[in-house]
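Since we're looking at a predicted model, the values are computed, not measured.
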Amino acid sequence: MDRCAALHVLEAVGIQPEAKYVVYFSIQPDWWDSIDMADALHPQTYLAYGMNGGELSVGNGGPLRMRVPRQLGYKSVKFITHLTVTDNLKKFGKGLGSASPEGGYAWYAGI
């Protein structure tokens with residue numbers, strides 16, 4: 001899988017010391033999620049943009065997919081349009097950290 005560690009993206013844009021979360025948004029209406037900075041900076045968290053030497057297909061979440069292998073699959077959102085680094089999740093959606101808790105799932109889905 002062609003990918004870039006989320007850590008490298010965050011280092012490239014320069015995160016502020018007060019940053020606590022990364023919020024990522026899908027092109028799918030009202031679908032977004034977030035992870036804390038510990039998971040965002042973990043070397044296993046990455047943005048996938050290719051697979052088997054080609055582009056990441058729509059069927060696999062392309063053109064860009066967030067992969068968070070240390071958490072359950074619903075945290076690995078497909079069709080990413082943008083990321084936001086923040087110190088507070090209250091200003092997104094209903095303030096619960098993602099669309100998942102708004103639907104009854106846990107925000108933290110660690111395995």
Side-chain angles (χ1 to χ4, degrees):
M1 183 160 293
D2 297 326
R3 60 188 176 194
C4 179
L7 162 70
H8 299 308
V9 173
L10 295 171
E11 286 176 341
V13 299
I15 53 174
Q16 299 296 316
E18 61 272 9
K20 294 181 182 171
Y21 307 97
V22 175
V23 183
Y24 41 103
F25 299 86
S26 173
I27 197 169
Q28 294 175 296
D30 301 319
W31 194 249
W32 60 282
D33 215 316
S34 66
I35 50 178
D36 62 23
M37 202 52 69
D39 269 328
L41 298 176
H42 193 279
Q44 289 179 330
T45 301
Y46 61 88
L47 293 160
Y49 56 86
M51 189 169 144
N52 299 326
E55 293 181 0
L56 187 63
S57 70
V58 171
N60 288 304
L64 189 65
R65 180 178 187 168
M66 176 68 84
R67 285 286 293 130
V68 188
R70 295 171 9 115
Q71 294 203 34
L72 295 176
Y74 66 84
K75 297 297 278 188
S76 295
V77 173
K78 299 178 179 181
F79 322 119
I80 298 297
T81 59
H82 64 283
L83 309 175
T84 300
V85 178
T86 185
D87 65 340
N88 186 339
L89 295 174
K90 296 292 181 195
K91 49 191 161 184
F92 300 94
K94 295 179 181 175
L96 302 176
S98 76
S100 300
E102 293 172 7
Y105 292 89
W107 174 76
Y108 183 77
I111 52 175

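For K91, the side chain to side chain contact (heavy atoms under 4.5 Å, CB included) criterion is met by T86, D87, N88, not counting sequence neighbours. Residues that satisfy the side chain to side chain contact (heavy atoms under 4.5 Å, CB included) test with L64, not counting sequence neighbours, are L47, Y49, I80. Here S57 pairs with N60 under the side chain to side chain donor-acceptor pair (under 3.5 Å) rule; sequence neighbours left out. In terms of the side chain to side chain contact (heavy atoms under 4.5 Å, CB included) criterion, P63 has no residue partners (sequence neighbours excluded). By the side chain to side chain contact (heavy atoms under 4.5 Å, CB included) test, A6 pairs with T45, sequence neighbours left out.
Applying the salt bridge (charged side-chain N to carboxylate O under 4.0 Å, His left out) test to every pair with at least one member in residues 38-55, sequence neighbours left out, gives these pairs: D39-R70. Residue pairs satisfying the ring-ring contact (aromatic ring centres under 6.0 Å, His included) criterion with at least one member in residues 75-104, sequence neighbours excluded, are listed as follows: F25-H82. Residue pairs meeting the salt bridge (charged side-chain N to carboxylate O under 4.0 Å, His left out) criterion with at least one member in residues 11-21: none, sequence neighbours excluded. Legend: side-chain hydrogen bond (donor to acceptor under 3.5 Å, both in side chains) pairs involving residues 96-111, not counting sequence neighbours, sorted by first then second residue: D33-S98, S34-W107.
Shortest non-hydrogen contact noted between T81 and S26 is CG2-C, 4.1 Å. Of all heavy-atom pairs between H8 and C4, the closest is CB-SG, 4.0 Å. When all heavy atoms are compared, the tightest approach of A5 to Y46 is CA-CB, 3.9 Å. For the pair A40 and L10, the tightest heavy-atom approach, listed with the atom from each and the gap, is CB-CD1, 3.9 Å. Residues D30 and A99 approach most closely at O-CB, 3.6 Å, considering heavy atoms. The nearest pair of heavy atoms linking R67 to S76 is NH1-OG, 2.9 Å.
Hydrophobic clustering (side-chain heavy atoms under 4.5 Å, transitive across Ile, Leu, Val, Met, Phe, Trp, Tyr) keeps Y74 apart from M66. Under the 4.5 Å side-chain contact rule for hydrophobic residues, M51 and V58 do not share a cluster. Linking ILVMFWY residues whenever their side-chain heavy atoms come closer than 4.5 Å, directly or via other members, places M37 and L7 in the same cluster. Y24 and W31 fall within the same hydrophobic cluster, where Ile, Leu, Val, Met, Phe, Trp and Tyr residues are linked whenever their side-chain heavy atoms come under 4.5 Å apart, directly or through other members. Criterion: ILVMFWY side-chain heavy atoms under 4.5 Å apart, direct or through other members. Under it, V9 and V77 are part of a common hydrophobic cluster.
Heavy atoms of other residues, nucleotides or ligands lying less than 6.0 angstrom from CG of L72 number more than 12.
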Would W32 and T84 count as a side chain to side chain contact (heavy atoms under 4.5 Å, CB included) here? Give the steps. CA-CA 11 Å; W32 60 282; T84 300; over 6 Å; no
